[in-house]
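The next block holds one structure in the form of structure tokens; read it before the comments.
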Amino acid sequence: MQRVVFPLALLAAVMALVVVGRLTERPTRPSELVELKQEFSTKPIASVDHAKLTALQAEFTSPQQVTDACLSCHTERGQEVMASSHWNWEREEFVEGHGIRKLGKKNVLNNYCVGVSSNLEACDKCHAGYGFVDTGFDFHSPSNIDCLVCHDTSGTYAKQGSGMPVAAVNLQLVAQHVGKTSRATCGTCHFFGGGGNNVKHGDLEQVLFDPPREVDVHMSSAGANLECADCHRTQNHQMHGKLYSVSSMNRNRSACTDCHSDRPHEDNIINEHTLKVACQTCHIPTYAKDAATKVAWDWSTAGKLRDGEPYEEKDAAGNIQYMSEKGTFTWQQNAAPEYAWFNGTAGHYFLGETVSDEKPIAINELHGDYHDSDAQIVPVKVHRGKQLYDSVNQMLIQPKLVSREKGAGAFWKDFDWDRAADAGMKSVGLTYSGQHRFVATEMSWPINHMVAPKEQALTCAACHTRNASRLQGLAGFYMPGRDRSLAVDRMGAGLIGLTFAGVVLHGLGRIVSHRRHPTRQS
Amino acid sequence: MNDRRVMVYTRFERFWHWAQAFLIMFLAMTGFEIHDSFHFFGFDQAVRYHNAAAIALIVLIALAIFWHFTTGEWRQYLPTRHRIRAQVEYYLIGIFRDAPHPTKKTVLSKLNPLQKLVYLGLKVLVIPVMVISGLLYMSYRYPQRYGIEALNIDGLGTIAIVHTAGAFLLMTFVVAHIYLTTTGRTPTSNLEAMITGCEELDSADDVAAALETPAQREQPCEINT
């Protein structure tokens with residue numbers, strides 16, 4: 001019998017190990033990072049030296065002349081740009097509850113400076129065109145395309161409100177030094193959203209012009225030294241990727257998995273997390289790494305004047321805390337994001353929509369939950385606003401803020417909310433009832449940039465812990481380490497405790513009784 | 001008296017017992033760290049060790065099942081009502097009066113009726129529940145994607161709570177079990193038996209019967225003179 005048992009047992013053990021081994025096999029691609037480094041270590045070399053082109057030897061007197069010169073060779077590029085959201089500031093999107101709508105900067109509200117409508121002469125500084133100062137702008141005139149703001153390589157190009165280049169720009173020099181876009185060109189607008197460094201996004205700031213490796217492992221020259229367009233791959237002037245402040249659909253998203261696999265870790269348990277956890281959640285442990293970003297904006301305190309003049313107050317770090325024009329700001333630097341389930345679709349508040357202010361109004365609600373197979377946990381900057389609301393018509397107000405002179409109703413000149421609300425709502429074809437209050441709003445900015453080196457990624461215990469879990473706010477699912485059944489834990493601990501007490505008493509009883517009758521021990 | 005020492009626990013049985021004891025304690029330690037009851041290895045290492053130890057325990061259980069059936073030792077766990085009352089009374093009263101142990105340990109019947117019941121409960125209820133809930137916990141691939149559709153588990157909640165409850169039961173067992181090892185002939189005789197395999201039996205007939213089993217012939221107990 002024994003002769004059979006042990007070989008059979010050994011065989012069973014070996015088979016069990018083989019089965020376990022097969023089941024836990026790890027499909028890893030150790031060469032993935034090596035391949036990517038090889039791919040991106042070859043930087044493109046321009047095939048044309050624009051300084052040698054005759055069309056660009058002219059003494060340009062207007063930027064439109066430069067554009068015409070560009071289009072004289074790149075004949076169809078104008079049509080491409082005019083089909084892009086950099087030009088149109090809107091795109092057609094299906095928005096849950098609203099159907100197919102044109103959605104973009106042109107018509108959405110936010111809880112920063114509220115909206116571009118009625119304030120174009122300031123916001124236009126970041127339009128890829130010349131002169132988009134009012135609704136009369138001709139979106140079908142290719143001469144108004146601003147090629148240079150994206151393609152300048154000289155570093156001397158700059159725009160002003162109205163979208164025109166500042167007077168000091170040498171158009172000929174810039175025209176002769178055009179090339180691929182870069183962190184420098186994209187950053188001139190995108191790092192300064194909200195009117196200052198990192199004010200709006202939180203994960204796009206001027207440190208990214210030349211970031212240290214700890215700030216951004218991809219864009220650092222000590223890392224992969226990537227340009228924006230290496231991820232935001234562009235064809236026919238259509239950029240890959242977009243942001244949910246101005247879009248709604250789960251399409252054309254730039255993703256880590258465009259380059260990396262979705263099972264990039266050696267540890268399979270971590271790979272499994274990618275089903276429910278976006279890469280960014282662990283790999284962007286903090287945002288606003290260099291400069292503070294605005295996390296709350298209370299418009300209700302705006303309008304206080306000193307001796308009839310507007311003023312501002314800064315905190316110790318130099319961030320503006322109060323401005324007569326804008327109200328009170330809260331800033332955060334090196335901030336831990338909030339986290340949300342996100343399936344790639346977002347709702348939007350549209351101008352003119354009636355909405356209750358019982359709870360904070362979601363300007364762009366991110367959709368998704370645990371049970372949604374498309375949803376992942378993503379890091380989010382939530383910007384909390386307190387902004388103007390029409391108490392009678394029950395809608396958010398687009399106020400007029402900007403004007404060159406006093407008396408046009410612009411709040412930043414006249415400091416009168418009723419006139420600013422009236423002028424602003426008129427400019428978008430709505431009416432202001434005359435009654436306003438300030439209501440809480442929330443805006444969600446998924447955090448995607450500033451990926452940290454892997455050694456700085458969040459570790460398990462950042463989330464899998466009872467008390468200070470990063471995912472404390474996400475309910476509706478069980479997460480080991482964070483969750484438990486309090487009843488089972490109490491009963492279990494009670495049972496062990498009672499048993500322990502029982503055996504201690506029983507043992508003491510035996511010792512005492514044994515001393516009285518020391519019989520059986522031999 | 002020493003000529004009554006016979007092999008009660010064979011080499012495999014002792015290996016199985018101690019390997020299982022170590023694995024269960026290690027699983028409890030890593031498991032309760034995953035449960036955030038305390039911090040020692042760190043969450044990620046605790047998960048890794050817990051999974052590895054779980055696989056080792058499953059392999060060990062497979063071997064033990066095989067051993068139990070090929071040797072017929074599974075019959076040791078057949079429950080009986082015989083003397084169960086006497087055994088309870090012994091633990092509650094007799095033990096304090098140095099009354100004789102109501103169940104005689106023999107090689108053919110090593111377990112007292114309470115042990116039979118409790119060990120059977122562990123074997124058919126607690127351990128299977130822990131293994132199954134543990135496997136579901138481990139192989140859980142989150143709802144819907146990449147998983148086997150038929151095994152689509154929408155959430156860890158129930159699995160994890162059942163697994164935790166089982167862990168509390170096992171730890172309760174461990175406390176009682178360790179204490180009850182001291183209730184043998186001497187406070188350490190049961191422990192020694194599980195280490196050396198050899199234990200003194202009361203009756204000469206049982207010793208004679210025990211000496212006929214193959215285990216005794218292969219691994220005879222040293223007889224100290």
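Throughout, a chain's letter reflects where its sequence line sits, starting with A, and its residues are numbered from 1.
Taken to the nearest 0.5 Å, the CZ atom of Phe66(B) stands 8.5 Å off from the CG atom of Leu11(A). Distance check, rounded to the nearest 0.5 Å: CE of Met171(B) to CG of Leu495(A) gives 12.0 Å. For the atom pair CG (Asp98(B)) and OG (Ser513(A)), the distance works out to 6.0 Å, reported to the nearest 0.5 Å.
Proximity of Pro480(A) to Leu156(B): side-chain heavy atoms (C-beta onward) are separated by under 4.5 Å at one or more points. Annotation: side chain of Tyr179(B) is in contact with side chain of His506(A) (closest heavy-atom distance under 4.5 Å). Between Val175(B) and Val503(A), the closest side-chain pair of non-hydrogen atoms falls below 4.5 Å. The closest side-chain heavy-atom distance from Val512(A) to Phe96(B) is not below 4.5 Å. Here the side chains of Ile269(A) and Asn51(B) are in contact, with some heavy-atom distance below 4.5 Å. Annotation: side chain of Phe173(B) is not in contact with side chain of Thr499(A) (no heavy-atom distance under 4.5 Å).
Taking the six-membered ring where the residue is Trp, Phe43(B) and His464(A) present parallel rings, their angle staying beneath 30° rather than reaching 60°.
Residues from residues 468-476 of chain A never place a non-hydrogen atom less than 4.5 Å from a non-hydrogen atom of chain B.
With Asp36(B) contributing its side chain and Thr465(A) its backbone, the two residues share no donor-acceptor pair below 3.5 Å.
Only the side chain of Leu63(B) comes within less than 4.5 Å of a heavy atom in chain A; its backbone stays farther off. Residue contact with chain A, scored on non-hydrogen atoms closer than 4.5 Å, involves the side chain of Tyr137(B) exclusively. Looking at Ala62(B), there are no atoms closer than 4.5 Å to chain A (heavy atoms on both sides), in backbone or side chain.
A side-chain donor-acceptor contact under 3.5 Å links Thr182(B) and Arg510(A).
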